[in-house]
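One structure is given below, encoded as C-alpha cells.
In what follows, chains carry the letters A, B, and so on, assigned in the order in which the sequence lines appear, proteins first and then strands, with residues in each chain numbered from 1.
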Amino acid sequence: MARVIVDVMLKPEILDPQGRAVMGAFARLGVHGVVDVRQGKRFEITLEGEPTDEALADLHRMAEELLSNPVIESYTLRVEA
Amino acid sequence: MARVIVDVMLKPEILDPQGRAVMGAFARLGVHGVVDVRQGKRFEITLEGEPTDEALADLHRMAEELLSNPVIESYTLRVEA
Amino acid sequence: MKIGVVTFPGSLDDRDAQRAVRLAGGEPVALWHGDDDLKGVDAVVLPGGFSYGDYLRCGAIAKFAPVMTTIIARAQQGLPVLGICNGFQILCESHLLPGALTRNDHLHFVCRDQRLRMERVDTVWTNAYAEGEEIVIPLKNGEGGYVADDATLDRLEGDGLVVARYLEVNPNGSLRDIAGISNPSGTIVGLMPHPEHAVESLTGPSTDGLGFFVSALNRLVNA
Amino acid sequence: MSLDTVGRAESTPEAEQPYAELGLKPDEYERIREILGRRPTSSELAMYSVMWSEHCSYKSSKVHLRQFGEKQPEGGWPQLMVGIGENAGVVDVGDGWAVTFKVESHNHPSYIEPYQGAATGIGGIVRDILSMGARPLAVMDPLRFGPADAPDTKRVLPGIVAGIGGYGNCLGLPTIGGEVVFDATYAGNPLVNALCVGAMKHEDVHLASAKGVGNLVILYGARTGGDGIGGVSVLASETFDADGPAKRPSVQVGDPFMEKLLIECTLEVLRAGLVEGIQDLGGAGISCATSELASNGEGGMHVRLDRVLLRDPSLSPEEILMSESQERMCAIVMPGNVDAFMEICRKWEVEAVVIGEVTDSGRLTIDWHGERVVDVPPRTVAHEGPVYNRPMQRPSDLDALQADDARALTRPTTPQEIRETWLRMTGSPNLASKKWVTSQYDRYVLGNTVLAQPEDSGMIRIDEESGLGVAVSTDCNGRFVRLDPYEGAKLALAESYRNVAATGARPLAVTNCLNFGSPEDPEVMWTFAEAVRGLADGCLELGIPVTGGNVSFYNSTADTAILPTPVVGVLGVIDDVERRTPISWGPDGEVIYLLGDTAEDFAGSEWAHVMHSHLGGLPPRADLARERLLADILIAGSRDGMLTAAHDIADGGVAQALVEMALGSGVGARVWAPDGVDAATFLWSESPGRAIVAVPRSEEMRFTAMCAARGLPAHRIGAVDSGLGADVGRPGEQVLQFGDVVLTLAELREVHEATFPSYFGPALTV
Ligand SMILES: Nc1ncnc2c1ncn2[C@@H]1O[C@H](COP(=O)(O)OP(=O)(O)O)[C@@H](O)[C@H]1O
Ligand SMILES: [Mg+2]
C-alpha cells in the first residue's frame with residue numbers, strides 16, 4: 001500500500017478568486033502579515049501495491065489529463081514516505 | 001518571506017463524492033490498482049516576514065476556524081522549507 | 001412584526017426573502033452584514049446566495065461578519081432565526097445547528113421543484129403546517145448534502161429535530177433525506193430548499209413556502 | 001526592454017515593430033503611421049492592434065451592419081431610446097420603464113477552456129447591460145456543439161454548461177432560456193452566445209461618454225492582471241487548426257462574486273447621481289474603455305496608467321492596456337463626487353482608483369510614471385478603424401444543394417413506421433429534453449421569473465405593482481441559413497418573433513449574434529451579407545428594430561466552416577404577466593387547433609437531418625405578414641383569456657410540439673391531420689407561420705370567429721383527453737393517439753429525457 005499525493009494549483013498568473021476571498025477574510029479577522037493566499041486541490045491516492053514506474057506513469061497521465069486542467073493549472077506528484 | 005502550507009481533508013468517515021468520482025474515472029480510463037482517492041483543499045499562504053510563533057498561532061487559529069470545518073474536516077499545517 | 005433579512009456580500013435571495021415576509025403580512029427589515037445592530041427585529045432570516053462567493057466553504061466566511069456576532073448571541077437567547085440554503089450553511093458553520101452541508105453527491109448544481117414532508121411543525125418557523133404535510137418548493141444548490149456523525153443524526157431523529165425531509169428524490173445525497181433541522185427549542189431552523197421562492201403561484205411552483213413566514217408571524221403575535 | 005515613449009518613437013522612426021504578430025496588416029500599420037505622423041509607440045501599437053482587430057472594429061461587417069440603421073420606417077423607430085453603437089440598445093416598454101438586452105459570443109475562449117470561457121462570456125454581457133444603467137435581470141445561453149456523441153463534445157459541453165451555471169448562479173441572475181443544438185460543423189468550434197436583459201427607469205439610462213472637461217476617470221472593480229492579453233485579437237481572429245487545444249493563450253478566469261459586488265456598487269453610484277458616463281471593460285480592456293469614452297465625449301482624455309491597480313506588478317504598460325481582466329468598470333465622475341463614489345465602493349469592498357481626467361485636447365494621452373507613452377486621436381482608435389468591403393461570392397455548391405429536394409425523401413406511412421419515427425425524433429439530440437443542462441441553472445433567483453425553459457420564451461416581471469413584464473426568445477436554424485441565407489435569416493427572426501408572441505407578449509425589439517466562418521472567404525462573406533440583408537428587411541417588415549448585437553467571424557476549423565448561424569433574439573412586452581400563455585395544456589377537454597398552413601417543408605428540417613442525414617432543397621419562404629397576423633391572434637388570445645396553452649411550431653414540426661405540450665402537462669390527447677395533408681407532412685414538416693393552441697370549449701366559438709374574421713387558417717386537429725388510455729387499451733395511462741398510432745406519455749418521456757444523460761453522464765434531471 002503506497003500513498004501518492006497530487007497537488008493541483010492555479011498557475012501563478014491566473015486569477016485565484018478563492019485565494020482572494022480567504023485573504024480578505026484574514027484581513028477582516030485581524031490576521032496580518034499575509035501577502036498572498038492561493039487555494040488549490042489536494043488528492044490523496046492510495047495504491048494497492050507498490051508505486052511501480054508504470055503505476056506512477058499512469059498517475060502522471062491522470063494528473064495531467066484528469067486531476068488538473070493544464071490550461072490554467074499545474075500539478076505536482078509525489079509518493080508519500 | 002515564508003510559505004505556509006495548510007492541507008484540509010474530509011475526515012475518513014465522511015463520504016467524499018469528488019474522490020469517488022475520480023476513482024470512477026480512473027477505472028474508466030484504465031488506471032487500476034487504486035484502492036482509494038480522497039480530494040481535499042490545499043492553501044499556500046505567503047507571509048511577509050518570518051513564521052514567528054504568533055504568526056503560526058494565528059494561522060493555526062485560521063486553519064481551525066476558517067479554512068477547515070472541524071465537523072467534517074481535519075487539517076495539517078506546515079512551514080515550507 | 002419586524003423580520004430582519006441579512007444581506008452579506010454575495011447574498012442573492014435577500015430581496016426574495018423580504019418579499020416573502022411582506023406577502024406573509026410582516027414588515028421586512030434589511031440588515032447589513034457589517035452592522036451589528038439588529039434594528040429591533042423580532043426574528044431574522046439568513047437568505048440564500050453565495051456569501052463571499054462561497055469559494056472556501058459555503059457560509060465559512062459569513063459567520064465572522066459583525067452582524068453574525070450579534071445574531072449568534074441573540075439566537076442562543078431565543079431570537080428566532082431561519083437559515084435558507086446559504087443561510088442554513090451559515091447556521092451550521094456558526095454551530096447554531098449541528099452537522100454540515102457538503103458538495104452534492106452527483107457533483108452538479110441542481111435547480112428543481114422539490115417535494116418535502118414536514119415533520120416538525122411546532123417550531124417558530126413551521127407551525128402553520130400540519131405534521132406529515134407534503135409541500136413542493138424550489139431547491140437550488142451545489143453544496144446541499146447534509147452530513148453529521150451517526151450519534152448526531154440519531155439525536156436529531158430521537159429528539160424530533162428533523163423539520164423537513166426530501167421525498168421522491170434525494171437531490172443532493174443528504175443523510176437520511178434530511179432537508180431541514182431545528183434546535184431543540186424550535187427557534188432556529190435551517191432549510192436547504194427555498195420557501196421564499198414559493199410564495200406566488202406566478203413565479204413559483206406553488207405557494208407552499210409562505211407557511212414558513214406566516215408561522216413566524218403567528219408565533220410572534222401570540223408570543 | 002526600456003520604455004518606448006512618444007519622444008523615443010519620434011527619434012527612432014525606423015525601429016522595427018511586430019505589427020504582424022499583433023494581427024495588423026502592412027497597410028493598416030502604414031495608416032497608423034500616417035495618423036500619428038510617426039511610428040506608433042509600442043503602447044500605441046498595442047492599442048491600435050487590439051482595437052482594429054475584427055472583434056473590436058467590425059472592419060469586415062460594418063458596411064453590411066449599416067442596413068440595421070438605414071432600413072427604418074419614416075420618422076424612425078418609435079420604441080427605440082438608444083440604438084446601435086452603445087454597449088446595448090434600449091427600448092421603451094411603457095410606464096416609464098426602459099429595457100436593454102444584447103447577445104454576444106464567447107466562442108473561441110470557450111473551446112480552449114470551456115468552463116472559464118463560458119463563465120466570462122456571461123460576465124461580459126452582464127457588464128454591457130449594467131453599463132447602460134440597467135439592473136441585469138436574466139440571462140440566456142444559445143449554444144451550438146458538434147455531434148452529441150463526439151468525444152470533444154463530451155469535453156466541451158459539460159464544461160460550458162457548468163461555467164454558465166457557475167457564473168450565473170453565483171451572480172444571482174436567473175437563466176430563463178437558451179438553445180442547445182448539435183451539428184457536425186460545430187465540432188472543434190462550438191458556439192457560446194450569451195444574452196442578458198436588464199431594466200431601468202427612463203431617467204436612469206446612461207451612456208459611454210466622457211463628458212465634462214475636468215471630470216475624473218475612475219477605474220473600479222477587479223485588479224488588472226495578465227489575463228487574456230491580446231485575447232481579443234488573437235483569440236477572436238485566428239482559426240484553429242486540428243490540434244486546437246494545443247496552442248493555449250492565457251485564459252481569463254471569472255470571479256462572479258466580484259461581478260455581483262460590481263453590479264450592486266455600480267447601481268448604487270448611478271442611482272446616487274454620481275456618474276456622468278460609464279463603460280464596461282470587455283475585449284481590449286483599458287484601450288477600448290478610454291478611447292471609446294473619450295471619442296464619445298469631449299474628445300480628449302489624459303490617463304496616468306501607473307495608477308491602475310495591478311494584480312501582477314510586473315505588467316508593462318502595453319500589457320496593462322491590452323489586459324482583459326474581468327469584472328472591471330470605468331466611470332466618469334465630477335471631482336466633487338469622487339469622495340461619495342469612493343465611499344460606496346468601500347461599502348461594497350470594491351477597489352477603485354482615479355486614473356485620469358477628461359480634456360478637450362482632442363487627444364488621448366497616456367503617461368507611464370510621468371513619461372508619455374500614448375498620444376493619439378481617440379476616434380482613430382475607437383471608431384475610425386479600417387473598413388473592408390470584402391469580396392463576396394455565392395457558394396459554388398449552393399445550386400446543387402438547393403436542387404437536392406428534401407420532398408423526395410421517403411416518408412413514414414404505416415402506423416408502425418410513424419410510431420418508430422416519432423419515438424426516434426423525440427429522443428434525437430436536438431429535440432431531446434435539455435433538462436440535463438437547464439437543471440444546473442438557477443431559474444428562480446430574484447423572484448420574477450414567470451416563464452423559463454422549456455417554454456417558448458423566457459418571461460420576467462419587471463414591475464411587481466403593475467405586472468408589466470418582458471419575454472425574450474433566441475432562435476436560429478443554421479440549416480435554413482445554409483440553404484438560403486437571406487430567407488434563413490428571416491426565418492430565424494420569424495421563429496424568435498413567433499416564440500415571443502406565443503407567450504402573449506408583443507414583440508418590440510431585436511438583438512443578434514452573427515456567428516460565421518472566415519470573412520476572408522468570399523463565399524462566407526456573401527452568406528453573411530445575405531443574412532444581414534434578410535434580417536434588416538425582416539425587421540422592417542415586422543416593425544421591430546435591431547438594437548444591438550455582435551459579430552463573431554472565423555468560426556471554422558481547418559477544413560470546415562460552421563453552419564452560418566445568425567442567432568436572433570427578440571424581446572417582447574406584456575402588460576400583465578398574469579396573462580402569459582404557457583406551452584402546457586390541460587387539465588382536460590380543451591380542443592387543439594393548428595394555426596397557419598402546412599406545406600411539404602422538409603428542406604433543412606430536423607426530420608431530414610435525423611432520419612436521412614439530409615441537407616438540401618429550398619427552405620420555406622418566410623411570410624412575415626402571416627407571422628404578424630399569427631402574432632396578433634396569439635396575443636389577443638392571451639389577453640382575452642381564450643387560450644390555456646400555445647406552442648410555436650419549429651424544429652421537429654407538429655409532432656414535437658405535441659410531445660412537449662403533452663409532457664409539460666402530463667395529460668394526453670387525440671390528434672388527427674387536417675384534410676389533404678399526409679401524415680408525415682402533418683407531423684414533421686417545418687412550415688413557418690404556425691402554432692398549436694389549446695382552447696377551452698367555452699372559448700372555441702369566440703376564438704375560431706376571431707381567426708376567421710382576421711383570415712388566419714385554424715384547423716381543429718384534436719382534443720386534450722386524460723381518459724384516452726382506457727379507449728385504446730392502456731387503462732390508467734396518458735397517451736397521445738394519432739389514428740392507429742398510440743404513444744404513452746411514459747414512453748415518450750423516457751426517450752425524451754434519456755438522451756442527454758446517456759451522452760453526458762448521470763445528472764439529477766428528474
Ligand atoms: N450583429 C450586430 N447587430 C447589431 N448591432 C451590432 C452587431 N454587432 C455589433 N453591433 C453593435 O456594435 C457596437 C459595438 O459592438 P461591441 O464592440 O461588441 O460592443 P461591446 O464592446 O460593448 O460589447 C455595439 O453597439 C453592438 O451592439
Ligand atoms: Mg461594452
Side-chain angles (χ1 to χ4, degrees), chain A residues 4-48 54-78, chain D residues 109-117 119-120 123 151 155-156 158-159 162-163 166-167 170-171 221-229 235 244-262 309-315 319 323-328 348-351:
Chain A
V4 176
I5 306 294
V6 177
D7 289 323
V8 176
M9 302 297 292
L10 283 166
K11 292 176 179 170
E13 68 273 17
I14 300 282
L15 170 69
D16 175 9
Q18 316 180 81
R20 281 191 66 259
V22 173
M23 276 272 288
F26 277 4
R28 277 190 299 278
L29 294 170
V31 175
H32 302 296
V34 173
V35 292
D36 186 36
V37 178
R38 309 280 293 173
Q39 179 177 336
K41 302 196 197 93
R42 171 186 170 92
F43 298 89
E44 295 181 354
I45 303 166
T46 313
L47 298 180
E48 207 162 27
E54 306 88 299
L56 289 182
D58 272 352
L59 290 183
H60 269 286
R61 207 180 83 243
M62 288 301 102
E64 172 84 26
E65 294 172 9
L66 179 72
L67 304 182
S68 77
N69 173 354
V71 181
I72 53 175
E73 297 171 323
S74 57
Y75 77 91
T76 63
L77 182 154
R78 66 181 185 285
Chain D
S110 302
Y111 177 71
I112 289 165
E113 212 306 279
Y115 184 100
Q116 295 298 343
T120 51
R155 170 186 76 96
V156 172
Y167 202 97
C170 183
L171 188 54
R223 290 192 166 212
T224 299
D227 310 87
I229 284 180
L235 279 186
K247 56 174 184 177
R248 279 162 177 154
S250 116
V251 167
Q252 313 150 45
V253 168
D255 180 352
F257 171 58
M258 172 57 78
E259 181 111 330
K260 168 66 177 174
L261 299 182
L262 203 56
L309 298 173
L310 300 178
R311 199 171 80 232
D312 169 1
S314 71
L315 290 181
E319 292 171 314
S323 164
E324 290 182 2
S325 291
Q326 300 291 303
E327 293 92 25
R328 298 179 299 166
W348 288 103
E349 295 174 16
V350 168
E351 288 187 308

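Within residues 20-36 of chain A, the residues approaching chain D closer than 4.5 Å by heavy atoms are, in numerical order, Arg20(A), Arg28(A).
Looking at residues two or more places apart in sequence or on another chain, you find a side-chain contact (heavy atoms from CB on, under 4.5 Å) between Glu319(D) and Ile229(D), Leu315(D), Ser316(D).
When only modelled atom types and interatomic distance are considered, Glu113(D) and Asn69(A) share a side-chain donor-acceptor pair under 3.5 Å.
Annotation: side chain of Arg155(D) is in contact with side chain of Pro114(D) (closest heavy-atom distance under 4.5 Å). Annotation: side chain of Ile45(A) is in contact with side chain of Leu67(A) (closest heavy-atom distance under 4.5 Å). Residues Glu73(A) and Ile14(A) are not in side-chain contact: their nearest non-hydrogen atoms beyond the backbone lie 4.5 Å or more apart.
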Inset, instruction - Could you walk me through whether Met9(A) and Thr76(A) pass the side chain to side chain contact (heavy atoms under 4.5 Å, CB included) test, one step at a time? - result: CA-CA 9 Å; Met9(A) 302 297 292; Thr76(A) 63; over 6 Å; no
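Only the side chain of Ile72(A) comes within less than 4.5 Å of a heavy atom in chain D; its backbone stays farther off. Interface remark: Gln326(D) contributes no atoms to any contact with chain A (heavy atom separation under 4.5 Å).
Environment of CD in Glu48(A): sparse, with no more than 12 heavy atoms of neighbouring residues, nucleotides or ligands closer than 6.0 Å.
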